[in-house]
Amino acid sequence: MRIIGNIDHPVLKITVFKMENRISVKFESGLYEQTYKFRIGEGIESFEDVQKVVDPPFQAQVLQLLTNMHELKNQAIARNIVQEEEEEFDRII
């Protein structure tokens, strides 16, 4: 797999990879990432084709999905991880 380009975005890191018969586009934001894979022949043959498909509306929807992933993780942690109560120390006289 090799990097064939990056797409500029103010929040996301967008990297485009090519490997044999597919092109992958990875979106990263903080601890979260999402990858879309396209087979060569689906109308995407080059980095320029990827730039056309990964347009601003596509990028905005991916950013919303990554935001939702963050919220989902935080909600699961809040529901399932018991908050440790403040540790009490033995009283020394």
Apply side chain to side chain contact (heavy atoms under 4.5 Å, CB included) to residues L65 and Q61 and explain how you reach the verdict. CA-CA 6 Å; L65 288 170; Q61 289 180 331; 5.5 Å; no
Please set out all donor-acceptor pairs under 3.5 angstrom arising from side-chain atoms of residues 10-30, sequence neighbours excluded.
from	atom 1	to	atom 2	distance (Å)
T15	OG1	N6	OD1	3.4

Under a plain distance cut-off of 3.5 Å, with no hydrogens placed, do Y36 and Q34 share a side-chain donor-acceptor pair?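 A donor-acceptor contact under 3.5 Å links the two side chains.
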Any side-chain donor near an acceptor of the partner, Q59 and D55, under 3.5 Å: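 There is no such pair between these side chains.
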H70, M69, E71 screened by side chain to side chain contact (heavy atoms under 4.5 Å, CB included) with T67, the one that passes: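 Answer to the side chain to side chain contact (heavy atoms under 4.5 Å, CB included) test with T67 among H70, M69, E71: E71.
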So if you build clusters from Ile, Leu, Val, Met, Phe, Trp, Tyr with side-chain heavy-atom gaps below 4.5 Å, do F58 and F47 land together?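 F58 and F47: one cluster.
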Assess whether atom CG of N74 is packed by more than 12 heavy atoms of other residues, nucleotides or ligands within 6.0 Å.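 Yes, enclosed.
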Decide yes or no on side chain to side chain contact (heavy atoms under 4.5 Å, CB included) for V62 and L66, but give the supporting numbers first. CA-CA 6 Å; V62 169; L66 292 168; 4.0 Å; yes
Test item: Q75 side-chain N/O and L72 main-chain N/O as donor-acceptor pair under 3.5 Å: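 Not at all, since once roles are kept as given, no pair shorter than 3.5 Å links the two residues.
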